[in-house]
Amino acid sequence: MLLLFESPAGFALFKVLDEGKLKDVEDLQKDFLDGESAKKVVKLKKFVKFENTAEALASAASMVDSKLDKKLKKFLKKNCEDETLAIADPKLGSIIKEKMGIPCVHSSGVMELLRGVRQQLAELASGLAASDVAPMALGLSHSLSRYKLKFSPDKVDTMIVQAIGLLDDLDKELNTYAMRVREWYGWHFPEMTKIVTDNIEYSKTVKFMGMRDKAAGKDFSGILLEETEQELKDAAVVSMGTDVSDEDMEYIANLAEQVIGLSEYRAQLSDYLRSRMQAIAPNLTVLVGELVGARLIAHAGSLINLAKYPASTLQILGAEKALFRALKTKRETPKYGLIYHASLIGQSAPKFKGKMSRVLAAKCALSCRVDALGDSSVATIGIETRAAVEARLRQLEGRSLAGAGGKGKGTPKTEVYDKTRSDGAALAAAPKAYNTDGDVKIEKKKKKKAESSDEEEEPVKEKKEKKEKKEKKEEKEAKTPKSEKKKKRKADESEDEEEEAPAPKSEKKKKKSKE
């Protein structure tokens, strides 16, 4: 049995002298405590050295990816005839067995044997010293890390993440600087704020004009329209602003120049982001645009992570706070997140935005997977899916228009008249004659109703009068003080007692005599 050992200096093949020791892992640890005992277990058969760092990097990269390198293939062909090969990577062992027909072995005993060889490598291979192997290993590890970082498919989209982050920061800074220019220069020329509304044009005008007194002799045709230019010159003559010194004007002009420079750099960064998105995620760019697509990638962390998300997660990506708040308060969950800013959802009516976001998220999930895992750089699927989403939008809008212009669901259908039709009593029956008795009965009912209405009106009027009297009494009682109220109550009580008291006897006799 031969043991394949990979070192920073090259490939080595060791002859295993006692194969029975591979079964006992603990005994192997004892055998590699020193160089002499290690030489009794394994013996160096062949060693091939790497010629330069590039060759070492290529071999190490292929070993990491479990691939068979050309140098290793040649080395094994020469030295592994009719031998079993003990190897550390089982995937690489299966490839060697398929392509070269060499039986390979991988076990815990083999791993322990490789660990012992690595410890005693300076003793087993006389040409390799520990002081030489350590810097080789360090240099190879740095080169391998740079290689993986440079060519890793997961790390290509880091430029998109950084570019969209910088673009958002530039927008904030531009807005802050432009507002500062307006506020600062507004002390000198306040009327210009309403005349020139665009921030970039405002900054260019400030830098070009300087003091407002010089506006009449300047030509603003390259910055402003003719109407705006004339209005600006007229306002500069009758401006109410304060005078500023040349030093103040110099600092204002420098700030305006910063705004112009940032705006130009933002335009360049936007073009760079567009080109990167079309190269890395062409299908996603066709569906939602480069800005929304880049924000989705940045929020997920990478294009691979975005491709792993289902359509339901991609739909609400960016609205996590609203989602968890809705789950906590048991309310409706959000229907869209960052995908809301896509042009296809912006075109749809408010009542269709939820449906369109669901359809668009499903197509975006498909496009992301094609961009992340596919080989083609042409946006064929993106164009097809966008056409499908647009057709769905037209279908929804057409259905709503048809529903608004058509008949309601509750209206009955008009049937076509058929002479031969015999079913239906309304069509088969003869028309009825005019009944005059019905008119007399209706008149009587009307009279009765009129009489009853007059009788009902009378008690209603009486009730209204009583209510009015009560309200007047209550108002009077509210106005009168408490002392008067008490006096009135006593007077009323005394009058009631006099009425109830019996008449005296003398009065009764006088009444009898008169009779």
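All residue numbers refer to positions in the sequence shown, counting from 1.
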### Task
Count the heavy atoms belonging to other residues, nucleotides or ligands that lie under 6.0 Å from OH of Tyr251, then report whether that count exceeds 12.
no

### Task
Take atom CG of Asn52 as the centre, draw a 6.0 Å sphere, and report whether it contains more than 12 heavy atoms from other residues, nucleotides or ligands.
yes

#### Entry: Donor-acceptor contact below 3.5 Å, side chain Glu191 vs main chain Ser239
no

### Query
Can you tell me how far CD of Gln258 sits from OG of Ser263, rounded to the nearest 0.5 angstrom?
11.0 Å

### Neighbour count above 12 (heavy atom, 6.0 Å) for Tyr177 OH
no

## Note on the structure
With Leu360 as partner, the option from Leu314, Leu393, Leu287 fulfilling side-chain contact (heavy atoms from CB on, under 4.5 Å) is Leu287

#### Entry: Over all atoms of both residues, closest heavy-atom pair of Cys80 and Ile102
CB-CD1, 3.8 Å

### Task
Please collect all salt bridge (charged side-chain N to carboxylate O under 4.0 Å, His left out) contacts where either partner lies in residues 265-284, sequence neighbours excluded, each pair once.
Asp171-Arg266, Asp271-Arg274, Arg274-Glu290

## Note on the structure
Tightest non-hydrogen contact, residues Ile383 and Val286, listed as N-CG1, 4.0 Å

### Task
Verify salt bridge (charged side-chain N to carboxylate O under 4.0 Å, His left out) between Asp243 and Arg212, making sure each step is shown before the conclusion.
CA-CA 9 Å; Asp243 294 332; Arg212 68 170 185 267; 3.5 Å; yes

#### Entry: Heavy-atom side-chain proximity of Met277 to Ile160 below 4.5 angstrom
yes

### Task
State the CG-OG1 distance between Asn283 and Thr385, to the nearest 0.5 angstrom.
7.0 Å

### Query
Taking atom NZ of Lys49 as the centre, does the number of heavy atoms from other residues, nucleotides or ligands within less than 6.0 Å exceed 12?
no

### Message
Just verifying a value: how many Å separate Ile164 CD1 and Ile297 CD1, rounded to the nearest 0.5 Å?
### Response
9.5 Å

### Task
Take Leu284 and Cys364, measure what side-chain contact (heavy atoms from CB on, under 4.5 Å) needs, and give me the verdict at the end.
CA-CA 6 Å; Leu284 185 63; Cys364 284; 4.1 Å; yes

### Message
Please give me the minimum heavy-atom distance between Leu85 and Leu76, naming the atom from each residue.
### Response
CD2-CD2, 4.1 Å

### Message
What's the separation between atom CG in Leu170 and atom CG in Leu269, rounded to the nearest 0.5 Å?
### Response
6.5 Å

### Query
How about Arg182: does its CZ atom have over 12 heavy atoms from other parts shown lying under 6.0 Å from it?
yes

### Query
After noting the C-alpha distance and the side-chain angles of Asp371 and Ile381, does the key distance pass the side-chain contact (heavy atoms from CB on, under 4.5 Å) rule?
CA-CA 10 Å; Asp371 291 333; Ile381 291 177; over 6 Å; no

In a table with atom names and distances, give each donor-acceptor pair under 3.5 Å that connects a side chain of residues 325-349 to protein atoms at least two apart or in another chain.
unit_1, atom_1, unit_2, atom_2, d
Thr329, OG1, Arg325, O, 2.7
Ser348, OG, Ile345, O, 2.7

### Task
Answer yes or no: is there a donor N or O on one side and an acceptor on the other, between the side chain of His106 and the main chain of Ile87, under 3.5 Å?
yes

### Task
May I ask you to test the Val206-Ile252 pair for a side-chain heavy-atom distance under 4.5 Å?
yes

### Message
Working note: Leu174 + Asn199, criterion side-chain contact (heavy atoms from CB on, under 4.5 Å); need CA distance, chi angles, decisive distance, verdict.
### Response
CA-CA 9 Å; Leu174 266 173; Asn199 292 330; over 6 Å; no

### Message
I'd like to know if the side chain of Lys45 reaches the main chain of Asn79, judged simply by a donor and an acceptor atom lying under 3.5 Å from each other, with no hydrogens or angles considered.
### Response
yes

### Message
Keeping Asp157 on the side-chain end and Leu303 on the backbone end, is there a donor-acceptor pair under 3.5 Å?
### Response
yes

### Message
Quick check against the 3.5 Å criterion: does Lys233 have a side-chain atom that pairs as donor or acceptor with the backbone of Lys218?
### Response
yes

### Query
If you draw a 6.0 Å radius around CD in Gln162, do more than 12 non-hydrogen atoms from other residues or ligands fall strictly inside?
no

### Message
Is a donor from one side chain sitting under 3.5 angstrom from an acceptor on the other, for Thr285 and Gln278?
### Response
no

### Query
With a 4.5 Å limit on heavy-atom distance, are the side chains of Leu166 and Tyr265 in contact?
yes

### Query
Side-chain contact, heavy-atom cut-off 4.5 Å: Lys204 with Ile200?
yes

### Query
Does Arg394 come within less than 4.0 Å of Glu397, counting only side-chain N to carboxylate O?
no

### Query
Can you find a side-chain donor-acceptor pair between Gln230 and Asp234 that sits under 3.5 Å?
yes

### Task
Drop me the distance from Glu201's CD to Leu224's CG, to the nearest 0.5 angstrom.
6.0 Å

### Query
Is there side-chain contact between Met356 and Leu396, with at least one heavy-atom pair below 4.5 Å?
yes

### Query
Minimum heavy-atom separation for Tyr185 to Met192, with atom names?
CE2-SD, 3.7 Å

### Query
Which atom pair, heavy atoms only, marks the closest approach of Pro282 to Ala279?
CD-O, 4.3 Å

### Task
Would you indicate whether the side-chain heavy atoms of Val196 and Ile223 approach each other to under 4.5 Å?
no

### Query
Going by heavy atoms in the side chains, are Leu13 and Phe75 under 4.5 Å from each other?
yes

### Message
Let's go through His188 and Met211 carefully: what are the C-alpha distance in whole Å and the side-chain angles of both, what is the deciding distance for side-chain contact (heavy atoms from CB on, under 4.5 Å) to 0.1 Å, and is it a yes or a no?
### Response
CA-CA 8 Å; His188 179 61; Met211 297 287 188; 3.9 Å; yes

### Task
Kindly compute the distance separating CZ (Arg392) from CZ (Arg358), expressed to the nearest 0.5 Å.
8.0 Å

### Query
What is the minimum heavy-atom distance between Ser59 and Phe11, and which atoms define it?
CB-CZ, 4.0 Å

### Message
Could you check whether any side-chain heavy atom of Leu72 comes within less than 4.5 Å of a side-chain heavy atom of Met63, counting everything from C-beta outward?
### Response
yes

